[in-house]
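Contents: one structure, followed by commentary.
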2 protein chains.
Amino acid sequence: MNPTHSKRERLTAAAATLVHQKGFSNTTLADVAEMAKLPLGGIYYYFKTKDALAEAVTERRVSDIDALLEKLDRLPTPQARLKALVNVWAEDREIDALYGCPIGSLCYELAKGRGPLSTVASRLFTHLLAWSEAQFGLAGFTRKQAKTHALHLISALQGISLVANALGDSDAILSETRFLTGWLDTLSRTQKNGGHA
Amino acid sequence: MNPTHSKRERLTAAAATLVHQKGFSNTTLADVAEMAKLPLGGIYYYFKTKDALAEAVTERRVSDIDALLEKLDRLPTPQARLKALVNVWAEDREIDALYGCPIGSLCYELAKGRGPLSTVASRLFTHLLAWSEAQFGLAGFTRKQAKTHALHLISALQGISLVANALGDSDAILSETRFLTGWLDTLSRTQKNGGHA
DNA sequence: GTCTATATGGAGATAGAC
DNA sequence: GTCTATCTCCATATAGAC
């Protein structure tokens, strides 16, 4: 509605895309302005500094995660939800092999040197981990087991994105997501009271 | 011996440390010169460009990996070697939680945008994966299983480094390395002809 | 609110004395 | 081979007209 919000939205969207593809340091405000079809100086009405733009991009990623998890919450069982999360990586394998996971690569870059920004970035993982941990809990695992399994799952997804990106090989992601799906199945079978949400 | 090599060595060592701590983009040649106790201009006698320095850092990491794997090769069984690899991450957990895995964070950064440099960086993972795959093969797995397991292992180690770095939590690395060690034990037990190198 | 023009600083890279 | 001084470019950021 408000044209102000529309431009701000275009800026964060353009920045999110460019940061994913080229990294934050390699992305110039001129790049962002061009993709958002705004003059360079126009950015500063919406964002005082480049770091403020990075923060907006991070917030946007947090929203993406929250929206995804809400969608997954509609599935009937925790096992189905966890497998659906894994499946998101399988579906995004081509773009992740090209540019890495948008969350992981952002966190890794923002963690270097910048104090305040890295704090915001860490929220991306606390959300994912808390949700996964909750699912494992609902599936009947103890709190400790749920925590360990959630950490393993999210780490594996982040790691395969990084490795596949380094190798430029999207099939690696497919291999690992199949492995993780199998692991989740095995866990369900091992459980006594297997997964009634 | 040659004082030239000594300075070149000091430069790559300083660059490797700084790139790990602050990232490649955030590291200036002035930083490197200062840490290596050389004047800024002196760098250009050894490295024509900043990218050439990045390449030297990457080569250095490749050497580190090769030396590590050679050391692990002296262990009696493939299971012992794989568990020892995991243990390296457990031992390095404090520094990895602070700055991320030196290999993974370097690859992620160099993969963004730079064509030629990312190729060199990918060698870091091809070495690690080939070695791990060989160990799983020696442990009695089929080629396909060995490939899958190697990818899972290296991904998990990379992923936990990334997540622990984002959270600033070295205990996360400890949790995951314990999990992986347990997984390797389970694999051995599942195998019929368990692991005679 | 939006745009143009410009200031400022910093980082990579070079020239050239020694 | 080594060091000092400097150049140039470019990216962030600002000033100020409209």
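Throughout, protein chains are lettered first and strands after them, A, B, ... in sequence-line order, and every chain is numbered starting at 1. Given the structure is predicted, the values throughout are model-derived calculations rather than measurements.
Counted within 6.0 Å of CD1 on A/I95, heavy atoms from surrounding residues, nucleotides or ligands total 12 or fewer; the atom is thus considered open. In the displayed structure, B/K50 atom NZ is contacted under 6.0 Å by more than 12 heavy atoms of other residues, nucleotides or ligands.
A close approach under 4.0 Å does occur between a side-chain nitrogen or oxygen of B/Y45 and OP1 or OP2 of D/dG1.
Ring planes of B/F136 and B/W183: tilted class, angle from 30 to 60°.
Rounded to whole Å, atom C1' of C/dA11 lies 10 Å from atom CG of B/D31. When the C1' atom of D/dA11 is taken as reference, atom CG of B/N26 falls 14 Å away, rounded to whole Å. Remark: C1' of D/dA13 and CG of A/L53 are 14 Å apart, rounded to the nearest angstrom. Going from atom NE2 of A/H5 over to atom C1' of C/dG1 covers 13 Å, rounded to whole Å. Rounded to whole Å, atom C1' of D/dG1 lies 15 Å from atom CD1 of B/I43.
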- Query: Can B/R93 and B/E176 be said to form a salt bridge (Lys or Arg N to Asp or Glu O under 4.0 Å), step by step?
  - Reply: CA-CA 11 Å; B/R93 66 186 181 277; B/E176 177 66 8; over 6 Å; no
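Residue pairs meeting the salt bridge (Lys or Arg N to Asp or Glu O under 4.0 Å) criterion with at least one member in residues 14-30 of chain A, sequence neighbours excluded: A/K22-A/D31.
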Under a 4.0 Å heavy-atom criterion, the protein footprint on nucleotides 12-18 of chain C, written with B, S and -, is SBB----
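A salt bridge is defined here as a Lys NZ or Arg NE, NH1 or NH2 lying under 4.0 Å from an Asp or Glu carboxylate O, and B/E59 with B/R123 meets this definition.
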